[in-house]
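Please read the structure below before turning to the comments.
These figures come from a predicted structure and were not determined experimentally. Proteins get letters first, then strands, A, B, ... in listed order; numbering begins at 1 in each.
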2 protein chains.
Amino acid sequence: MLTNNRLVSTGRFTTRPLYLQVRDALASRIAGGEWKPNAAIPNEGDLAREFGVSSGTMRKALDLMEGERLLTRRQGRGTFVNDQSSDELAVRFSNIRAADGERVTGELKLLGISQASANPAECGRLRLRPDDKVWRIQQVRLHRGEPFMVEEASMPVSLFPGLDEQEAMPHRIVVLAQQYGILLGKGDERVSIGAASPSVAEALNLKAGGPILVLDRVVHNLDGHPVEWRLGMGHFADKYYLAEIG
Amino acid sequence: MLTNNRLVSTGRFTTRPLYLQVRDALASRIAGGEWKPNAAIPNEGDLAREFGVSSGTMRKALDLMEGERLLTRRQGRGTFVNDQSSDELAVRFSNIRAADGERVTGELKLLGISQASANPAECGRLRLRPDDKVWRIQQVRLHRGEPFMVEEASMPVSLFPGLDEQEAMPHRIVVLAQQYGILLGKGDERVSIGAASPSVAEALNLKAGGPILVLDRVVHNLDGHPVEWRLGMGHFADKYYLAEIG
DNA sequence: AAGTGGTCTAGACCACTCA
DNA sequence: GAGTGGTCTAGACCACTTG
């Protein structure tokens, strides 16, 4: 229970642990833009005093947020808000590697964007109802000038209002989410074998019907609600998909 | 610095943090079989007293080990050593799912096991030298009686001495590691498209040269050293590979 | 009621960074 | 030398499980 940056527990009912309430309050400062990317935030002691909790509790909240990739703490320097569009973090949902092990992100070319009512597949993957609206974005990803993956992304319009009116629309969901005050958590990606459709084959200079990898990815926010569904299709002749497991 | 379950810091040189020393000591009790799978271990206070640290420090060590999947803590009940061969944990490196989302582990059929000097590929993936010995194991994985994946695994003989003399050799690396006192950490898996070799095609009832998924996986111990390299090959017509990302 | 882990406190001291 | 996060202590109280 949170009132004016002061956290209280009624003592009568089971309350959300203090350190989680603190985390929520701090996270909303980041999401709301009150604390900007790369900015230093007050030190542990000051924050603890401000929220009326012990420094141990504040530390637990901050440690948790570091694990959620919202903050970076550096001994002797301070605590900083992570910039989700930094080189390091912007690629965290891209798991394609070149043969030499180097991460392949490539550049994106926008093919089209449109708005529609969610189809059954989108309803299932994004947990929407049939009358909910989605953005649909088609893109091609290039590596050294060569197209290697066709992408079809869907996002709830409710989360990204006015997306098509942006002059320079960012292509990465990570950057987009930061702009719209959405804190991203984990995603899951289904990798399977498919056959190149004529349009995919043409875009990637492949033989129609030939084998391709299909990357079916859903990215969630910190609460686990779907934010983006993306279908990626490519041959990945001299590339591989890298998963960390265990 | 650890002497007779008593942890001391010299104060003069930089020492490994206490909670990490405690973690190492507790982990070696599990690896060494002193604490058996599913057994309850002493409570926080008793352990803290035994090691001469505060309960906060002991808690930090225990929390860390819970994150490493060595322990499970349950409020009101106690702290328990995880059984790595339990249904829940034994499958943690298996990421194949059926079309309905159900995890597919299947049964393993052993085709052969042999010992050899590590080839260049094994040296690279397992960080061995050319004169190091490896076990090579060939298996086929069945789902509802149907073979769907051919597996070729390599493991350092130094980690698994006498492996071929076991009467009932366990197939899962997780179970094997627990028997040999190896604590597993994370793994990485490379997923790519390949073509079915004649032998693979025959084993799986596929067309030779047809597209298959190749799963190239290395499992490490808690220190990050490679324990097993496995190549899995299959078509996965009605299955997909699921990766958790972010 | 007894025992467990989970939360929370209010400090101390250390290691690191930077002006 | 001042300021930061990292480690560590020695408790208290709460929530949960079990006999």
Pull out every protein N or O sitting under 3.5 Å from an N or O of nucleotides 17-19 of chain C, one pair per line with the distance.
| unit_1 | atom_1 | unit_2 | atom_2 | d |
| --- | --- | --- | --- | --- |
| C:dC18 | OP1 | A:Arg77 | NE | 3.3 |

C:dG6 P sits how many Å from B:Asn43 CG, rounded?
12 Å
Mind calculating the distance between CZ (B:Arg16) and P (C:dA15) to the nearest angstrom?
16 Å
Could I get the full list of side-chain contact (heavy atoms from CB on, under 4.5 Å) partners for B:Ser85, not counting sequence neighbours?
B:Asp83, B:Val175, B:Gln178
Rounded to the nearest 0.5 Å, how far apart are CH2 of B:Trp135 and CG of B:Leu176?
11.0 Å
According to salt bridge (Lys or Arg N to Asp or Glu O under 4.0 Å), who are the partners of A:Arg125, at least two apart in sequence or on a separate chain?
A:Asp216
Quick one: list whatever passes ring-ring contact (aromatic ring centres under 6.0 Å, His included) with A:Tyr180, sequence neighbours left out.
A:Phe160
Taking atom P of D:dA10 as reference, at what distance in whole Å does atom CZ of B:Arg49 sit?
12 Å
Using a cut-off of less than 4.0 Å, is there contact between a side-chain N or O of B:Arg73 and OP1 or OP2 of C:dT4?
no
To the nearest 0.5 Å, what is the distance between CE (A:Met65) and OG1 (A:Thr72)?
11.0 Å
Roughly how many Å is it from CD in B:Glu44 to P in C:dG6, rounded to a whole number?
7 Å
Whole angstrom value for the distance that separates C1' of C:dC8 from OH of A:Tyr19
11 Å
Can you check the A:Leu20 CG to D:dC14 P distance for me, whole Å?
19 Å
What is the distance, rounded to the nearest whole Å, between atom CZ of A:Phe51 and atom P of C:dC8?
14 Å
For B:Ala118, all residues meeting side-chain contact (heavy atoms from CB on, under 4.5 Å), sequence neighbours excluded:
B:Glu122, B:Cys123, B:Leu128, B:Val134
Considering only heavy side-chain atoms of A:Leu18, the closest of C:dG6, C:dT9, D:dG5 is C:dT9
Find the distance between NE2 (B:His143) and CD (B:Glu102) and round it off to the nearest 0.5 Å.
9.5 Å
For B:Arg141, is there an ion pair with B:Glu107 - N to carboxylate O distance below 4.0 angstrom?
no
Tell me, which of residues 54-68 of chain B have any heavy atom that sits under 4.0 Å from an atom in DNA chain C?
B:Arg59
Distance col, row B:Ser94:OG vs B:Arg172:CZ, nearest 0.5 angstrom, shows 5.5 Å
